[in-house]
Amino acid sequence: MQQVRGVEGILSLLTDRIDGEVMDAAGPQLKVISNYAVGYDNIDIAAARERGIAVGNTPGVLTEATADLAFALLMAAARRLAEGAAYIRAGKWKTWEPTTLLGADITGATLGIIGLGRIGKAVAKRAAGFEMRVLAHSPSATAADAASVGATLVSLDELLSQSDFVSLHVPLNDKTRHLINRDTLRKMKPTAILINTARGPVVDQNALYEALTQGTIAAAALDVTDPEPLPADHPLLDLPNVLVVPHIGSATVKTRERMAIMAADNLIAGVQGRPLPHAVTSG
Ligand code: DGY
């Protein structure tokens with residue numbers, strides 16, 4: 001709050017909570033908040049709107065990188081890559097044998113995508129290359145939208161009960177917080193794998209821990225957690241069927257450069273009193 005005092009523009013990271021108090025600490029000259037992320041759950045949009053402050057984000061440029069990571073997590077969890085690497089490092093690789101580290105098939109499996117926006121659709125396109133059956137649940141998508149990426153729109157319950165992999169691609173808001181909870185986890189197959197590259201609080205992590213230890217689902221691969229950073233002694237990290245990476249969905253050199261340019265363009269436009277090239281209009 002000390003650092004924003006008197007500024008006309010704020011360049012925020014997803015780790016900066018920008019609420020009305022921060023906006024007021026900046027002062028009435030604050031014109032723009034430019035978030036270096038596509039997600040903007042860290043910003044109180046209503047408070048910004050009330051104060052006439054424009055908010056920008058970075059849509060589009062991180063779609064492919066994030067979809068790549070979601071698919072990398074899906075494959076890594078299915079084929080137990082982290083466990084395999086740890087197995088060798090622990091000196092356990094003594095011979096080849098038929099039942100070591102058996103995983104799940106990806107080709108021909110059913111993928112359930114929750115949230116069929118840009119990133120959800122990009123994940124669906126990748127699944128086509130693996131001849132997967134793709135189910136999608138998204139209140140805002142149309143059947144035609146889904147069909148354009150080879151997916152079929154279904155209810156949440158249908159998606160959960162039929163999918164071998166469930167991948168989350170929703171923004172974090174009041175409707176999606178703890179969307180994956182004890183009840184929804186129980187609707188999944190005991191062999192299912194959950195992938196989260198959206199936001200940590202979309203999953204009730206205590207319920208996930210319980211589901212993973214009790215065999216309600218088979219495994220989880222998470223790019224996002226609740227909280228972030230996840231403490232190194234968090235119980236989830238003791239589970240062999242959990243793979244966690246540190247919120248790196250958009251972490252490629254080119255993607256982060258594009259995000260930086262987009263965030264700078266938004267910031268400059270806002271400070272100069274022009275419409276933002278990529279303004280947040282809802283939330
Ligand atoms: C975003 O942009 O919202 C990602 O979580 C980080 O790139």
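Given the structure is predicted, the values throughout are model-derived calculations rather than measurements. Whatever order the structure lists them in is the order used to number ligands and atoms, beginning at 1.
Of the N and O atoms on the side chains of Ser148 and Asp145, not one donor lies less than 3.5 Å from an acceptor on the other residue. No hydrogens or angles considered: nothing links the side chains of Asp16 and Asn42 as a donor-acceptor pair under 3.5 Å. Glu97 and Thr99 share a side-chain donor-acceptor pair at under 3.5 Å.
Scanning the protein heavy atoms around atom 2 (O) of ligand 1, the nearest turns out to be Val38 N, 2.7 Å. Looking from atom 7 (O) of ligand 1 to the surrounding protein, the closest heavy atom is Ser250 OG, 2.6 Å.
For ligand 1 and Ala37, the ligand atoms under 4.0 Å from any heavy atom of the residue are 1 (C), 2 (O), 3 (O). Near Leu14, meaning under 4.0 Å from any of its heavy atoms, are these atoms of ligand 1: 5 (O), 6 (C). Residue Arg199 approaches ligand 1 through these ligand atoms, each under 4.0 Å from one of its heavy atoms: 1 (C), 3 (O), 4 (C), 5 (O). If you number the atoms of ligand 1 from 1 as listed, the ones under 4.0 Å from a heavy atom of Met259 come out as 7 (O). Applying the 4.0 Å criterion to heavy atoms of His247 picks out, from ligand 1, the atoms 4 (C), 5 (O), 6 (C). Each of the following atoms of ligand 1 lies closer than 4.0 Å to a heavy atom of Leu62: 2 (O), 7 (O).
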For Ile10 and Val32: C-alpha separation, side-chain torsions, deciding distance, then whether side-chain contact (heavy atoms from CB on, under 4.5 Å) applies.
CA-CA 6 Å; Ile10 295 176; Val32 57; over 6 Å; no

Arg133 and Thr110: side-chain hydrogen bond (donor to acceptor under 3.5 Å, both in side chains), yes or no, with the steps?
CA-CA 5 Å; Arg133 171 177 170 241; Thr110 298; 3.3 Å; yes

Mind running side-chain hydrogen bond (donor to acceptor under 3.5 Å, both in side chains) on Ser250 and Arg256 for me, showing each step along the way?
CA-CA 7 Å; Ser250 64; Arg256 289 284 166 85; 3.0 Å; yes

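No N or O atom of Ala198 sits closer than 3.5 Å to an N or O atom of ligand 1.
Within 6.0 Å of CZ on Arg274 lie more than 12 heavy atoms contributed by other residues, nucleotides or ligands.
For Val224, no heavy-atom contact with ligand 1 is shorter than 4.0 Å. Residue contacts with ligand 1, taken as heavy atom pairs separated by less than 4.0 Å, do not involve Thr58 at all.
Between Arg182 and Asp204 there is no salt bridge, since no side-chain N of the basic residue sits under 4.0 Å from a carboxylate O of the acidic one.
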